[in-house]
Amino acid sequence: MSQKILIVDDEESILTLLQFNLEKAGFDVTTAMDGKSALEKGLKESFDMIVLDLMLPEMDGLEVCKELRQNKILTPILMLTAKDDEFDKVLGLELGADDYLTKPFSPREVVARVRAILRRSQSVHPPQETKKKNNTITFGDVEIFPDNYEVFLRGEPLELTPKEFELLVYLTTHRGRVLTRDQLLNAVWNYEFVGDTRIVDVHISHLREKIEPNTKKPIYIKTIRGLGYKLETPTKDE
């Protein structure tokens with residue numbers, strides 16, 4: 001069964017080009033040309049991935065992304081932007097996008113990026129029928145079931161995006177080790193972001209908001225100044 005992708009762009013030429021190349025690559029493609037219809041489709045239908053332009057009529061891509069995440073839609077989102085603007089990229093990630101691509105880009109590059117994101121997403125989110133609960137990772141008040149794509153904090157389920165989940169699992173499986181931002185980029189995103197280590201900081205911030213009792217004094221994900229991050233199991237005094 002083909003994986004379903006929603007492509008959203010208000011430029012018909014780009015929309016047609018992306019649809020042609022993604023369908024040629026074997027994907028089942030649905031399209032939308034404005035933010036409002038994209039949001040409606042994203043809420044009503046189930047997609048494996050959403051390719052979302054930043055600048056859209058009716059409702060921009062940032063607002064669409066924000067609304068989807070607030071409605072617990074955790075589908076991976078690749079944000080497209082014509083702006084080479086760090087603020088827009090970081091804001092998109094802060095609102096829940098998993099990745100971004102700056103225009104102009106080649107259709108081949110988009111297909112490769114989509115495949116990479118889907119491959120990484122599937123590695124942490126297996127099909128329902130293969131899920132088991134015999135693999136458990138715990139630290140402090142956090143319990144992770146990697147095979148089930150589930151995380152619990154003091155017994156309550158947490159909603160994580162695919163990238164947040166994969167980052168948390170990677171940190172826990174390398175517990176006690178200092179991991180540089182470049183190491184995390186290569187391990188979790190599966191390709192190199194040249195100079196874009198801010199993407200790691202944004203996702204670390206998201207995780208802290210969800211698992212730390214006090215984000216200003218994290219007890220789990222520690223910042224190692226000048227190097228990167230380290231996940232620790234808190235002591236009884238913390």
Side-chain angles (χ1 to χ4, degrees), residues 49 69 74 76-79 86-87 89-102 112-126 135-154 157-238:
M49 186 168 174
R69 294 307 188 223
L74 302 179
I77 294 175
L78 172 63
M79 189 79 76
E86 184 68 17
F87 174 78
K89 295 173 183 176
V90 172
L91 184 56
L93 295 170
E94 288 177 342
L95 292 174
D98 294 272
D99 200 353
Y100 61 81
L101 194 59
T102 303
R113 188 71 64 91
V114 165
R115 281 177 168 159
I117 295 170
L118 284 171
R119 183 169 60 250
R120 302 298 288 184
S121 174
Q122 288 173 340
S123 71
V124 296
H125 198 172
N135 183 16
T136 309
I137 301 171
T138 60
F139 62 95
D141 294 324
V142 181
E143 191 173 28
I144 307 171
F145 296 94
D147 298 331
N148 281 39
Y149 190 73
E150 293 176 342
V151 181
F152 294 86
L153 178 63
R154 292 185 290 277
L158 294 180
E159 296 285 352
L160 302 184
T161 67
K163 276 290 171 280
E164 290 167 4
F165 182 85
E166 187 176 357
L167 179 58
L168 181 61
V169 170
Y170 190 81
L171 286 167
T172 58
T173 55
H174 295 79
R175 191 178 320 188
R177 287 179 53 186
V178 177
L179 300 168
T180 67
R181 291 171 175 82
D182 286 334
Q183 281 179 300
L184 292 169
L185 280 173
N186 292 333
V188 177
W189 281 265
N190 203 29
Y191 51 84
E192 295 184 9
F193 281 69
V194 180
D196 283 343
T197 53
R198 177 73 169 125
I199 191 173
V200 174
D201 298 332
V202 170
H203 282 76
I204 290 288
S205 177
H206 287 172
L207 285 177
R208 282 175 169 164
E209 289 172 2
K210 294 177 181 181
I211 70 172
E212 297 283 1
N214 182 351
T215 56
K216 294 181 179 179
K217 294 182 179 181
I219 61 174
Y220 298 122
I221 305 175
K222 302 291 184 70
T223 299
I224 308 302
R225 196 171 299 278
L227 293 174
Y229 298 98
K230 177 171 67 171
L231 186 135
E232 295 181 344
T233 300
T235 63
K236 292 182 179 179
D237 296 331
E238 290 186 283

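Residue numbers count from 1 along this sequence.
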Trainee: Test of understanding: with side-chain hydrogen bond (donor to acceptor under 3.5 Å, both in side chains), list the residues that count as partners of T180, not counting sequence neighbours.
Mentor: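 With neighbours one apart ignored, the set is Q183.
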Trainee: Between M79 and A97, what is the shortest heavy-atom contact and its length?
Mentor: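 It is CE-CB, 4.2 Å.
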Trainee: Of all residues at least two apart in sequence or in a different chain, which pass the salt bridge (charged side-chain N to carboxylate O under 4.0 Å, His left out) check with R225?
Mentor: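 Per chain and number, R225 pairs via salt bridge (charged side-chain N to carboxylate O under 4.0 Å, His left out) with no residue.
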Trainee: How would you list all residue pairs meeting salt bridge (Lys or Arg N to Asp or Glu O under 4.0 Å) that involve residues 201-215, not counting sequence neighbours?
Mentor: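 Applying salt bridge (Lys or Arg N to Asp or Glu O under 4.0 Å) to every pair that reaches into residues 201-215, excluding sequence neighbours, yields E164-K210, R181-D201.
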Trainee: Under the side chain to side chain contact (heavy atoms under 4.5 Å, CB included) criterion, do V202 and I199 qualify, and how do the steps go?
Mentor: CA-CA 5 Å; V202 170; I199 191 173; 5.8 Å; no
Trainee: Would you check if T161 and H206 make a side-chain contact, meaning some heavy-atom pair closer than 4.5 Å?
Mentor: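 No, side chains not in contact.
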Trainee: So which atom in L160 and which in F165 form the shortest heavy-atom distance, rounded to 0.1 Å?
Mentor: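 Closest approach of L160 to F165: CD1-CA, 3.9 Å.
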Trainee: Keeping D141 on the side-chain end and L153 on the backbone end, is there a donor-acceptor pair under 3.5 Å?
Mentor: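 Pair absent, no side-chain N/O of D141 close to backbone of L153.
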Trainee: Y229: what forms a ring-ring contact (aromatic ring centres under 6.0 Å, His included) with it, not counting sequence neighbours?
Mentor: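 Per chain and number, Y229 pairs via ring-ring contact (aromatic ring centres under 6.0 Å, His included) with no residue.
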Trainee: Does the side chain of L184 reach to within under 4.5 Å of the side chain of L171, using non-hydrogen atoms?
Mentor: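 Of all side-chain heavy-atom pairs linking L171 with L184, at least one is under 4.5 Å.
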Trainee: Does the side chain of L168 come within less than 4.5 Å of Y220's, by heavy atoms?
Mentor: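 No, every pair of side-chain atoms sits at 4.5 Å or beyond.
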Trainee: Nearest 0.5 Å, please: how far is CG in L185 from CG in L167?
Mentor: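 Result: 10.0 Å between the selected atoms.
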Trainee: Write down the atom of H174, the atom of Y170, and the distance for their closest heavy-atom approach.
Mentor: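 Distance-wise, the nearest heavy atoms are ND1-O, 2.9 Å.
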Trainee: Show the nearest heavy-atom pair for residues E159 and L74, with the distance to one decimal.
Mentor: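 Closest approach of E159 to L74, heavy atoms only: OE1-CD1, 3.4 Å.
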Trainee: Closest approach of P146 and I137, non-hydrogen atoms and distance?
Mentor: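 Here P146 and I137 meet closest at CG-CD1, 3.8 Å.
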Trainee: Out of curiosity, F139 CZ to L231 CG, how far, rounded to the nearest 0.5 Å?
Mentor: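 Interatomic distance, F139 CZ to L231 CG, rounded to 0.5 Å: 5.0 Å.
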Trainee: Return the CD1 to CD1 distance between I211 and I219, rounded to the nearest 0.5 Å.
Mentor: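 The CD1 atom of I219 is 8.5 Å from CD1 of I211, to the nearest 0.5 Å.
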Trainee: State which residues pass side-chain contact (heavy atoms from CB on, under 4.5 Å) with L101; sequence neighbours excluded, sorted by chain then number.
Mentor: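 side-chain contact (heavy atoms from CB on, under 4.5 Å) list for L101, sorted by chain: L78, L80, F105, E109, V110, R113.
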Trainee: How long is the span from the NZ atom in K230 to the CG atom in L179, to the nearest 0.5 Å?
Mentor: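 So the gap between those two atoms works out to 10.0 Å.
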Trainee: Under the side-chain hydrogen bond (donor to acceptor under 3.5 Å, both in side chains) rule, collect the residues that match up with R175, sequence neighbours excluded.
Mentor: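 side-chain hydrogen bond (donor to acceptor under 3.5 Å, both in side chains) check on R175 returns T233.
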